[in-house]
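In what follows, a single structure is set out as structure tokens and then discussed.
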Amino acid sequence: MNIFVARLNYDTQAGDLRYAFEEFGEVNSAKVITDHYTGQSKGYGFVEMPNDSEAREAIAELNDEYLDGRTIVVKKANPRNSRSSNTYSSTYSGSSY
DNA sequence: GGTGAGCGC
């Protein structure tokens, strides 16, 4: 499940996100959006977790929690814009409980 | 060098 994390501390790195989410479950990959020129994080990132159950728990627990001293927002991530506009995906992200 | 409401290459 793709997870969207916002309002991160500008000093927070992808490794910090992965470490925080690994506490709740297995983290497939974590990434923080940073500028390529300045290397400064934009304040939000994405975390991908293979287990949907653990992902929901991580979202519920880490949402509106303190990370690196800042309140962060954890929500489901929207499907990234594909190069070709295909019809709706066969599966809706996190719509099935 | 600092900010903040947001979806990545």
Side-chain angles (χ1 to χ4, degrees):
Chain A
M1 176 184 282
N2 292 347
I3 301 171
F4 171 74
V5 184
R7 294 215 71 182
L8 295 171
N9 188 343
Y10 295 111
D11 293 338
T12 303
Q13 299 176 359
D16 295 334
L17 282 179
R18 187 178 67 182
Y19 181 78
F21 279 82
E22 281 179 348
E23 292 178 352
F24 295 93
E26 181 181 1
V27 175
N28 191 3
S29 65
K31 179 172 62 176
V32 176
I33 307 306
T34 56
D35 186 78
H36 295 277
Y37 297 96
T38 62
Q40 177 183 95
S41 62
K42 294 183 175 72
Y44 61 91
F46 294 89
V47 178
E48 184 176 1
M49 297 181 71
N51 293 351
D52 294 346
S53 299
E54 294 177 352
R56 295 192 198 91
E57 291 181 355
I59 294 173
E61 294 298 329
L62 293 177
N63 185 22
D64 190 60
E65 290 295 330
Y66 277 88
L67 178 61
D68 194 12
R70 296 286 187 261
T71 55
I72 63 174
V73 178
V74 182
K75 299 187 299 186
K76 295 190 296 71
N78 297 331
R80 187 168 54 84
N81 184 10
S82 299
R83 62 178 63 178
S84 297
S85 297
N86 189 2
T87 55
Y88 298 122
S89 299
S90 60
T91 179
Y92 299 96
S93 61
S95 64
S96 62
Y97 286 91

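The figures here come from the full heavy-atom set of this structure, side chains too, leaving out hydrogens, waters and symmetry mates. Lettering follows sequence order; numbering is per chain, from 1.
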### Message
Heavy-atom nearest nucleotide on DNA chain B for Thr34(A) versus Lys75(A): which residue maps closer to 5'?
### Response
Lys75(A)
### Message
With a 4.5 Å cut-off on side-chain heavy atoms, are Asp68(A) and Leu8(A) touching?
### Response
no
### Task
Give a yes or no answer on whether the side chain of Ser41(A) reaches the backbone of Tyr10(A) with a donor-acceptor pair at less than 3.5 Å.
yes
### Query
In whole Å, what is the span from the CG atom of Asn78(A) to the P atom of dC7(B)?
8 Å
### Task
Please report, rounded to the nearest Å, how far the C1' atom of dC7(B) is from the CD1 atom of Ile59(A).
13 Å
Validation: residues 17-29 of chain A side-chain donor-acceptor distances under 3.5 Å, sequence neighbours left out:
{"unit_1": "Ser29(A)", "atom_1": "OG", "unit_2": "Glu48(A)", "atom_2": "OE1", "d": "3.4"}

### Chi-angle category of dG4(B) [syn within 90° of 0, anti beyond]
anti
### Query
Of Val73(A) and His36(A), whose closest DNA chain B nucleotide lies nearer the 5' terminus?
Val73(A)
### Message
Please list, in numerical order, the residues of residues 21-33 of chain A that have a heavy atom closer than 4.0 Å to any atom of DNA chain B.
### Response
Lys31(A), Ile33(A)
### Query
Would you say Ile59(A) and Phe4(A) are hydrophobically clustered, going by side-chain heavy atoms of ILVMFWY under 4.5 Å?
no
### Gap between atom NZ of Lys76(A) and atom CZ of Arg56(A) - 0.5 Å precision
10.0 Å
### Task
Give the cluster check for Tyr44(A) versus Val32(A): same hydrophobic cluster or not, with ILVMFWY residues linked at side-chain heavy-atom distances below 4.5 Å.
no
### Query
Under a 4.5 Å cut-off applied to non-hydrogen side-chain atoms, are Val73(A) and Val5(A) in contact?
no
### Task
Can you tell me the distance, in whole Å, between the CG atom of Asn2(A) and the C1' atom of dC9(B)?
14 Å
### d(CE, Met1(A); C1', dG8(B)) in whole Å
17 Å
## Note on the structure
Rounded to whole Å, CG of Asp35(A) lies from C1' of dG1(B) at a distance of 15 Å
### Summary
From CG of Asp11(A) across to C1' of dG1(B) the rounded distance in Å is 13 Å
### Query
Linking I/L/V/M/F/W/Y whenever their side-chain heavy atoms sit closer than 4.5 Å, directly or via other members, would Phe46(A) and Leu62(A) fall into one cluster?
no
Could you list, one pair per line, each protein nitrogen or oxygen that sits under 3.5 Å from a nitrogen or oxygen of nucleotides 2-4 of chain B, together with the distance?
{"unit_1": "dT3(B)", "atom_1": "N3", "unit_2": "Tyr10(A)", "atom_2": "OH", "d": "3.3"}
{"unit_1": "dG4(B)", "atom_1": "N1", "unit_2": "Leu8(A)", "atom_2": "O", "d": "2.7"}
{"unit_1": "dG4(B)", "atom_1": "N2", "unit_2": "Leu8(A)", "atom_2": "O", "d": "3.4"}
{"unit_1": "dG4(B)", "atom_1": "N2", "unit_2": "Gly43(A)", "atom_2": "O", "d": "3.1"}
{"unit_1": "dG4(B)", "atom_1": "N3", "unit_2": "Tyr10(A)", "atom_2": "OH", "d": "3.4"}

### Task
Using modelled atom types only, decide if a donor and an acceptor are shared between the side chain of Asn51(A) and the backbone of Ser53(A) within a distance under 3.5 Å.
no
